[in-house]
Amino acid sequence: MVLFFTSTAVDPPATLYMGKDKYENEDLIKYAWPQDVWFHVDKLSSAHVYLRMPEGMTWDNIPELLLVDCAQLVKANSIEGNKKDNLSIIYTPADNLKKSGDMAVGQVSFHSDKKVKRVHVAKRENVIVNRLNKTKVERQVDHEAERIERIKKENAVRRAAAAAKKKADAELAKQREAEKVARSYDSLFSGETLEEEAERKKSVRELEEDFM
């Protein structure tokens, strides 16, 4: 089972989720969306809390109030960490999580330590924790089906973006070609005018010579 929470620290609200136990955490490590962000109490046992990244947000510019919600939820779901003050919560993109066969259930490391950030939590904020807990929903998730559906949607978005770019490039090329043709016509027109002017001047001179 997966536990879902709603944070109203941002608008529109953001979704936080975590496994109900360490075995569900294993599934989340495997199936979490690559762009989601994983949170955990540093150096202590705790729940694995994930932030489903809102559209247009990146892991390194999460708004402070949303970051606080995530950190407070992690702290509240750590048996030892919940009792302590002045904790560090670590977070990183889900695709930076590294899992090897010799690790215990629920244990992870990172592909790159440079992509791990920390946020300090001075103490438990009951107002925040209670607000999040009131939104809690427990749901059975078919992770593989959800993964396939996500990939389908992402591919559709990429195809649409590629088609839009192709159309824009074609229109730009058409516009440039039209401008090129226009410049060519302008040059031709200007050339004809000069020739006509030269002929007129020549004719005038000839007429003047005839009268002399």
Side-chain angles (χ1 to χ4, degrees), residues 1-97 99 105-108 110 115-147 149-150 153-154:
M1 301 295 286
V2 180
L3 306 178
F4 292 88
F5 303 81
T6 300
S7 170
T8 54
V10 291
D11 185 25
T15 297
L16 315 180
Y17 64 98
M18 66 184 190
K20 192 173 183 179
D21 54 40
K22 63 182 181 179
Y23 299 103
E24 184 64 43
N25 286 339
E26 282 292 297
D27 287 337
L28 294 182
I29 293 167
K30 180 179 178 180
Y31 287 104
W33 295 14
Q35 64 270 34
D36 287 351
V37 180
W38 172 91
F39 291 79
H40 197 276
V41 175
D42 192 19
K43 300 176 182 178
L44 292 177
S45 175
S46 77
H48 293 215
V49 172
Y50 294 82
L51 167 64
R52 175 63 39 84
M53 290 300 289
E55 190 74 23
M57 189 183 297
T58 59
W59 83 278
D60 54 355
N61 73 346
I62 300 171
E64 184 178 354
L65 292 179
L66 179 55
L67 200 58
V68 169
D69 272 13
C70 296
Q72 285 290 332
L73 187 61
V74 175
K75 174 178 167 55
N77 286 275
S78 169
I79 295 175
E80 188 176 356
N82 188 43
K83 303 172 185 176
K84 293 185 175 184
D85 293 336
N86 295 313
L87 293 176
S88 287
I89 306 298
I90 56 176
Y91 62 102
T92 191
D95 61 3
N96 191 42
L97 298 178
K99 182 75 179 183
V105 175
Q107 184 181 4
V108 294
F110 310 112
K115 293 183 69 175
V116 179
K117 288 181 175 288
R118 286 171 171 76
V119 57
H120 177 258
V121 177
K123 62 179 182 177
R124 174 182 168 124
E125 298 288 350
N126 287 324
V127 172
I128 296 175
V129 175
N130 292 340
R131 168 169 53 82
L132 291 170
N133 281 333
K134 287 178 181 178
T135 70
K136 181 170 67 174
V137 175
E138 185 173 331
R139 191 167 76 237
Q140 186 71 45
V141 177
D142 185 335
H143 295 291
E144 182 61 23
E146 187 181 69
R147 184 186 72 84
E149 184 63 23
R150 171 180 60 82
K153 289 180 179 179
E154 290 175 349

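Just so it is clear, the values below take in all heavy atoms, side chains as well, and ignore hydrogens, waters and symmetry mates.
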Non-hydrogen side-chain atoms of M18 and V74 separated by less than 4.5 Å: no

Considering all heavy atoms, the nearest A47-H40 contact: O-CD2, 3.7 Å

Main-chain N/O of I89 paired with D42 side-chain donor or acceptor, under 3.5 Å: no

Residues which pass side-chain hydrogen bond (donor to acceptor under 3.5 Å, both in side chains) with E80, listed by chain and number, not counting sequence neighbours: K84

Gap between atom CD of E138 and atom CZ of F4 - 0.5 Å precision: 10.5 Å

Closest heavy-atom pair and its distance - P63, V10: CG-CG1, 3.9 Å

pair F5-D69: side-chain heavy atoms closer than 4.5 Å: no

Straight-line distance of L73 CG to R131 CZ, nearest 0.5 Å: 10.5 Å

Donor-acceptor under 3.5 Å (K117 side chain, I90 main chain): no

Carboxylate-amine/guanidinium proximity below 4.0 Å for K75 and E125: no

E26 side-chain N/O to V105 backbone N/O, donor-acceptor pair under 3.5 Å: no

Any side-chain heavy-atom pair of I128 and L132 under 4.5 Å: yes

Minimum heavy-atom distance between L67 and I62, given as atom pair plus value: N-CG2, 3.9 Å

Interatomic spacing from OG1 in T92 to CG in D60 - rounded to 0.5 Å: 10.5 Å

Non-hydrogen atoms of N82 and A76 that approach each other most closely: OD1-CA, 3.6 Å

Nearest atoms (heavy-atom pairs only) where A122 meets D85: O-CB, 3.1 Å

Main-chain N/O of P93 paired with N96 side-chain donor or acceptor, under 3.5 Å: no

T8 side chain near T135 side chain, heavy-atom distance below 4.5 Å: no

Minimal non-hydrogen separation, G19 against L28, with atom names: N-CD1, 3.2 Å

Short side-chain to backbone donor-acceptor contact, S78 and S45, under 3.5 Å: yes

Distance, nearest 0.5 Å, that separates CG of L51 from OH of Y17: 8.5 Å

Sole residue of T15, I29, V2, V37 in side chain to side chain contact (heavy atoms under 4.5 Å, CB included) with Y50: I29

Steps toward side chain to side chain contact (heavy atoms under 4.5 Å, CB included) verdict (V141, D27): CA-CA 10 Å; V141 177; D27 287 337; over 6 Å; no

From CG (N86) to NZ (K123), nearest 0.5 Å: 10.5 Å

Inter-residue atom distance Q107.CD - H48.NE2, 0.5 Å rounding: 9.0 Å

Test item: K115 and F110 side chains (from C-beta on) under 4.5 Å apart, heavy atoms: no

